[in-house]
Amino acid sequence: MEQAHDHSSLTPAEAEAAGIEHEHPGWSVYWRVAVILTLITIAEVWVYYIPAFVASRAFLPTLLSLSAVKFAIVVLFYMHLRYDHKLFRTLFTGPLIVATCTLFALMFLFGHIRLGHGA
Amino acid sequence: MSATVSHHYSSTGLENRKIAIWAFIGSECMLFVSLISTYLIYKGRSRVGPYPHTPWTDPSTGHVYKAILNIPVTSASTFILLMSSLAMVLALAAVENKGKPQRNLGERILGNSKLWLAMTALLGIGFLGFQAYEFTSFVNEGLTIKTNLFGSTFFTLTGFHGAHVTAGVIWILSMLAIDFKRGLGPSDALNVDIMALYWHFVDVIWVAIFTLVYLIR
Amino acid sequence: MATTVIDTTPPHLRPFVPSPVPATVEMERSTIWGWLTTTDHKKIGTLYLFTALFFFLVGGTEAEILRAQLGAPNRHLVSAELYNQIFTMHGTTMIFLAIMPLSAAFFNFIIPLQIGARDVAFPRLNAFSYWVFLFGGLFISIPILFGQGPNGGWFGYVPLTTATYSPGLHIDFWVLGLQILGISSLAAGFNFITTIINLRAPGMSLMRMPVFTWMAFVVQFMVVLAFPVITIALFFLLLDRFFGTQFYEVAAGGDPLLWQHLFWIFGHPEVYILILPAFGLVSEVLPTFSKKPLFGYPVMVYSGILIGFLGFGVWAHHMFAVGMGPVADSVFGVTTMLIAIPTGVKIFNWIGTIAQGQFKATSASLFAVGMVALFTIGGISGVMHSSPPADLQQTDSYFVVAHFHYVMFGGSIMGLFAGIYYYFPKFFGRMLDETLGKIHFWLTFIGMNLTFFPMHFSGMLGMPRRVYTYDSGQGWSLFNALSTYGAYLLFIATLFFVYNFIKSKKSGRPAGPNPWGAGTLEWTIPSPPPVYNFAVLPTVTSRYPLWEGKQADIESARINQQAGKTAEQLGIAIPYGTIKPLLAALFLVGMFGGLIVGHWLIFGCAGAMVLSLYAWLTSPLEPELH
Amino acid sequence: MLALALAACAKSYPNSTFTPHSDLGRAIDFLWGRLMFFGTIVFVLVEGALLYVVIRYRRRSEDIMPPQTHGHVVLEIAWTLIPAAILAFIAVPTVRTIFQTQAPAPANSLVIEVYGHQWWWEFRYPQYKFTTANEIYIPKGRTVDLVLRTDDVIHSFWVPQLAGKRDAIANHTNHIWFTPDSDMATTVWNGFCTEYCGDSHGEMHFRVVTVNPDQFASWVTHQQAPGFYAPPAIPATPATPAAASAASPTPATPATPVASPAQLASFILPRADVPNYAIPHTPLPDEVKFDDRLKGDPAAGEKLFVGAGTCNACHTVAGNALAVGMIGPNLTHVGSRIGIAGMMYVNDAPHLSRWIKNARIMKSGVLMPTLGKGQYDPQTKATTSAGLSDQQIADLVAYLQALK
Ligand code: HEA
Ligand code: HEA
Ligand code: CUA
Ligand SMILES: [Cu+2]
């Protein structure tokens with residue numbers, strides 16, 4: 001649905017029909033992404049060394065969301081999912097959703113995530 | 001790796017192999033989720049040490065094992081793998097833009113696919129080097145794949161990932177060889193693209209592993 | 001009869017004159033070498049068909065031994081050890097070596113024809129899948145002949161299957177064999193996903209795809225998502241058994257439930273992998289023999305997708321007795337029940353397809369109707385399992401055995417038989433004998449119910465499964481005797497099929513392009529199809545090009561039904577035959593075998609495999625045509 | 001409906017789940033009834049509709065072209081919603097029953113610790129501090145809380161007429177509890193292992209005897225007493241604390257060495273009252289020959305038990321300081337049990353003697369060694385040159401049979 005980038009004079013549909021892929025971004029995007037990834041990694045390691053933060057309830061969610069952001073950035077920009085055919089997006093996000101749900105279900109089943117009232 | 005596919009009809013205009021690699025990556029998600037889940041399920045369930053984040057004293061020998069994981073080293077290798085992804089997108093861009101005029105030094109550097117492929121491979125090898133160092137030092141510190149649940153799950157998970165990196169490095173080196181032999185051009189972009197997708201995927205898996213295995217306690 | 005063909009042509013297709021049924025069938029003769037090196041999806045499909053039917057007979061023979069042993073209390077035809085190997089191999093054979101490859105036979109042969117393609121996306125990978133399957137199948141099946149067969153049950157629960165409790169080779173063969181078979185399925189999965197996405201003929205939009213191809217599409221996604229999980233679970237077991245890791249070692253704190261969860265995360269999607277192809281086949285057969293398009297086509301498609309998705313969220317219903325706690329029991333119980341809704345929708349739409357149609361009872365359509373009838377019974381007993389407290393009385397009893405034979409024999413096998421009767425003419429250009437076919441159907445239908453219906457009773461009357469014998473006076477003797485007689489009847493029924501198959505393949509009545517007056521694309525081309533399938537790529541404007549087709553459909557059908565031209569004459573590039581996939585498969589299996597035989601074999605085969613892969617990847621797929 | 005017919009003739013179906021005798025059994029049976037009810041409706045409707053359309057719309061002429069309908073929105077919605085509604089009627093009581101039956105067992109339940117072994121059952125009564133094997137007595141009307149454990153592979157505990165199954169899994173502790181009806185018969189129920197657990201999974205049975213509370217109390221005193229054979233001819237070895245603690249997980253008070261007359265008179269379900277279905281009928285294998293005319297001497301047998309027979313390496317007989325093995329079944333009162341070898345064989349001299357002579361031929365895969373002289377051991381594939389003579393085995397059998 002996002003057609004903000006207008007690299008080509010063809011409409012996306014025409015481009016698809018003609019077999020032309022959306023153009024990939026260039027150096028200017030790539031190095032910025034790399035910097036962001038580095039910064040996030042530094043942040044992750046940094047908080048790891050703050051005992052008070054590690055002990056706090058925010059630790060786990062923070063780390064999980066930081067790595068999720070990294071994951072998403074690489075997939076969207078380096079793997080061009082943001083620019084490529086939406087089919088690829090479906091092929092990746094579908095399995096990713098199944099996989100994530102499975103992970104969470106297993107964590108629950110083995111008692112690593114507990115529901116409100118413990119049994 | 002001939003380009004005969006192109007004169008076949010296709011319903012979406014997309015390349016067969018690119019569809020296949022995305023399906024493959026989707027499948028790999030389940031593979032790694034199984035490995036990661038197992039690691040997390042067994043977290044804290046090892047009956048004997050050494051442990052990842054806390055020291056352990058062997059009750060029978062009195063030997064003290066320190067916490068196994070070495071965060072500074074792994075942070076460095078994580079950084080290296082991230083940078084290899086950067087090198088890889090640049091390699092792909094260089095291959096895609098072969099033949100376009102290169103107006104200045106910067107464009108010439110950016111357009112040098114050999115440089116970026118070699119860089120990616122080197123960084124990949126660097127990552128593997130760190131992993132080899134990590135594995136040997138763990139073994140020296142008393143953790144093997146047979147020691148306890150942590151050892152079994154840790155080595156299997158990171159070993160699986162390492163095997164993926166190894167396969168990727170071989171792939172990249174073969175591509176580099178082709179580049180030296182006959183030069184890669186836009187007609188090879190698909191092959192490089194597929195390789196790049198695989199490589200980035202291996203990278204994002206590490207992103208997850210780094211957090212879930214190394215940082216979370 | 002030839003006249004049948006003309007009569008069933010819908011009036012609005014009058015300008016389309018089907019070509020006359022040939023007097024004889026020109027089967028392209030192929031040398032052994034031709035089979036070993038083939039990259040033709042139709043030949044690979046045929047290989048799958050033969051191999052799967054062979055394994056079906058093997059699995060069936062194993063079942064007959066089980067039933068002979070259980071025919072009366074305290075019988076000792078086979079020892080406990082042998083019985084355990086036989087039931088393990090019966091389940092493993094039927095699931096991994098009979099139903100899955102039988103489905104694969106249809107995927108290979110039919111999908112490209114249904115979507116108007118000349119082959120699959122990766123023909124050589126396709127050959128590789130087949131050979132890996134064949135070698136893996138032999139790898140896992142042969143040991144039982146030497147009393148070394150796998151004996152851990154088809155789901156190989158740990159810790160029973162760890163080296164501590166199962167020393168010896170039995171389980172080694174099972175672990176490695178399944179690992180090999182998984183590779184075959186995964187490779188095929190990527191191949192067919194790509195094929196269906198990318199090789200559809202012009203106009204063959206997703207919502208015009210025949211439902212068989214749709215269900216196959218869903219199945220491939222389930223394969224590529226479910227198999228990695230068992231790959232990992234098996235890999236842990238492999239490491240435990242061969243390299244001394246601790247994944248399933250209870251002494252080290254290992255959790256037996258880890259295996260169970262990983263196995264069933266694969267295992268439940270697997271059972272839908274077994275049934276959806278049969279659903280697809282029935283969805284092809286019923287419209288044809290009712291002369292009516294499939295009722296509720298979009299709903300059939302969406303319900304199939306929904307079944308696929310929900311199939312990943314119900315796995316723990318196989319574990320209601322392990323003590324997961326009330327929350328997990330409730331969640332998995334309810335998600336399991338939900339699956340009955342999209343499945344029911346399918347049943348009702350099949351009934352809707354027959355309703356107001358012109359239903360003709362042929363072997364194929366009888367098997368299809370039988371499938372709907374019997375699967376429903378299995379589905380209902382499935383819903384009975386889905387209530388966790390109730391399942392505590394049913395699980396691991398013969399009631400479960402009744403359930404899964406109703407869904408797998410009554411569902412999958414009956415559906416696949418419908419497919420065999422329906423597509424045999426397309427495979428071999430000749431018709432199966434209808435009289436023998438109908439005898440086969442009725443004997444199977446009666447024998448099936450006689451075998452498996454009494455198992456509901458033996459189960460609810462307290463008989464555990466996987467027992468090599470049972471004591472007299474337990475109230476089970478009568479029901480077991482009935483089951484055994486039923487199994488004997490099934491044996492006879494299957495003999496009729498085997499005879500029919502062999503006879504008709506040699507001398508059956510020639511079929512012509514469209515013997516059933518069907519509407520989909522595969523019937524627009526000669527039977528058996530020429531190597532290139534479609535002389536011109538068809539242009540598709542509707543779901544049933546031969547029934548509802550516009551001018552474009554008819555034009556391409558008119559050209560395509562003519563046989564006779566060679567690929568060169570038409571300027572179509574046909575992939576070269578090549579032995580490399582077979583070699584790669586052989587060395588791959590050799591690598592796994594090396595874990596048992598000796599590590600030198602692993603390295604030797606790994607090297608050889610890399611070489612054959614290199615040769616494969618650097619040789620061109622097909623001639624350059626201009 | 002057939003189920004109901006079956007329920008009526010419960011006599012011929014001794015393991016029927018349709019005739020529950022406990023609260024849990026009835027809770028399940030209620031769900032079963034509901035599942036049967038809706039299942040039957042769906043079955044009749046679907047099969048009826050299928051049969052109807054196949055017959056009503058059969059092809060009469062090849063020339064008729066039926067109307068080319070493609071679907072019907074209202075119908076689609078209807079046959080989505082109706083099954084959903086049916087399922088709601090199943091799901092609600094299901095969830096209710098789950099929470100009700102998986103709540104913690106009421107206090108003062110009778111706790112029985114169940115240990116699954118390949119291929120026999122160990123039962124411990126921690127509240128009464130004794131251990132037995134393959135056979136339990138439970139009082140009617142009192143809740144039993146079964147605590148399921150194992151140290152080897154997975155097993156599953158099932159007494160069809162009393163309760164559903166629950167698995168015994170290493171590194172897990174599972175519970176299942178139920179209250180046997182207080183007005184039920186004093187009789188024996190068959191129990192089975194229902195998780196495939198290796199070679200002799202098919203022979204891993206047990207028996208549950210439901211008795212009146214006073215009979216239960218009497219049986220308990222009997223079980224708590226050390227092993228003796230009647231009449232107590234030899235002075236029983238004084239029970240050491242070690243022996244007692246080995247016999248039950250928590251150290252018992254030192255047990256009385258010699259049986260009192262009261263204990264001799266204590267309640268054991270008389271053999272005559274054991275229903276036929278509860279008596280194992282597994283035939284004797286031809287391969288193991290034994291001279292059944294030999295007369296055994298229990299005193300000699302007792303010596304052999306802890307001597308040349310080395311039975312004590314694996315078996316406990318409470319009261320015998322030397323017999324504290326923990327690997328095999330506790331044999332303290334083996335003479336009073338219905339069957340041996342996981343209830344594979346009836347407990348009498350011919351079976352017991354052959355069992356001792358060559359257990360590994362009698363039952364596939366067992367740990368119990370082949371003890372008879374010159375016997376072929378199918379596991380080691382060797383013939384034992386040493387071993388017990390038939391007379392020695394007869395002595396052992398006499399001793400074991402006397403351990404009432
Ligand atoms: C082809 C394979 C296949 C299929 C399709 C199914 C379909 C279903 N299965 Fe089955 N199942 C197996 C193969 C299959 N199963 C196997 C092999 C095992 C045993 C494994 C082992 O232990 O060895 C098993 C075991 C099994 C269990 C575990 C039992 C136990 O071990 O304790 C359960 C529990 O919930 C279950 C449930 C279901 C359900 C709810 C469905 C549903 O999908 C069924 C849905 C269909 C219908 C319900 C009928 C049509 C619907 C209608 C007409 C609508 C109206 C109906 C209602 C409102 C009820 N199955
Ligand atoms: C699709 C799957 C499938 C199919 C079709 C079947 C078919 C049959 N099955 Fe099986 N079965 C399973 C899947 C299947 N089964 C599974 C998964 C298990 C669980 C295993 C486990 O617990 O691990 C199982 C378990 C199982 C058991 C329980 C064993 C136990 O728990 O102890 C029994 C017992 O009766 C049984 C019986 C039968 C019978 C009688 C048939 C009949 O339908 C077979 C019909 C017979 C034939 C088709 C044979 C015909 C052969 C010939 C005619 C030979 C001719 C030869 C030449 C021409 C050369 N099966
Ligand atoms: Cu114990 Cu089966
Ligand atoms: Cu299931």
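Everything quoted here is computed from the prediction, not taken from an experiment. Throughout, protein chains are lettered first and strands after them, A, B, ... in sequence-line order, and every chain is numbered starting at 1.
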What class does the angle between the rings of C:Tyr272 and C:His268 fall in, given that below 30° is parallel, 30 to 60° is tilted and above 60° is perpendicular? perpendicular
Below 4.5 Å from any heavy atom of chain B, which atoms of C:Leu186 appear? Answer side chain, backbone, both or neither. side chain
Using a cut-off of under 4.5 Å for heavy-atom pairs, which of B:Thr38, B:Thr147, B:Ile41 has the most such pairs with chain C? B:Thr38
Part of C:Phe235 within contact of chain B (heavy atom distance under 4.5 Å): side chain
Go through the atoms of C:Phe221 and report whether side chain, backbone, both or neither lie under 4.5 Å from a heavy atom of chain B. neither
Using 30° and 60° as the class limits, which term best fits the ring planes of B:Phe32 and B:Phe160: parallel, tilted or perpendicular? perpendicular
Under 3.5 Å donor-acceptor, B:Arg182 side chain and B:Asp179 backbone: no
Chain B contact via C:Leu199 - which portion, at a heavy-atom distance below 4.5 Å: both
Most heavy-atom pairs under 4.5 Å with chain C, out of B:Thr144, B:Val48, B:Val33, B:Leu149, belong to B:Leu149
Heavy-atom pairs under 4.5 Å with chain B are the metric here; pick the option from C:Gly189, C:Ala201, C:Ala117 that has the most. C:Ala201
Looking only at the side chains, is there a donor atom on one of B:Gln131 and B:His161 sitting less than 3.5 Å from an acceptor on the other? no
Output the option from C:Ala233, C:Pro202, C:Gly203 having the highest count of non-hydrogen pairs under 4.5 Å with chain B. C:Pro202
Donor-acceptor check, side chain of C:Thr162 to backbone of C:Val158, threshold 3.5 angstrom: yes or no? no
So for C:Ile197, is it side chain, backbone, both, or neither that comes closer than 4.5 Å to the heavy atoms of chain B? both
Option that, when pairs with chain B are counted at under 4.5 Å, heavy atom only, ranks first among C:Val224, C:Ile232, C:Val223: C:Ile232
Which word best sums up how the rings of C:Phe266 and C:Phe263 line up, parallel for under 30°, tilted for 30 to 60°, or perpendicular for over 60°? perpendicular
Ring geometry between B:Trp206 and B:Phe127 (parallel below 30°, tilted from 30 to 60°, perpendicular above 60°): perpendicular
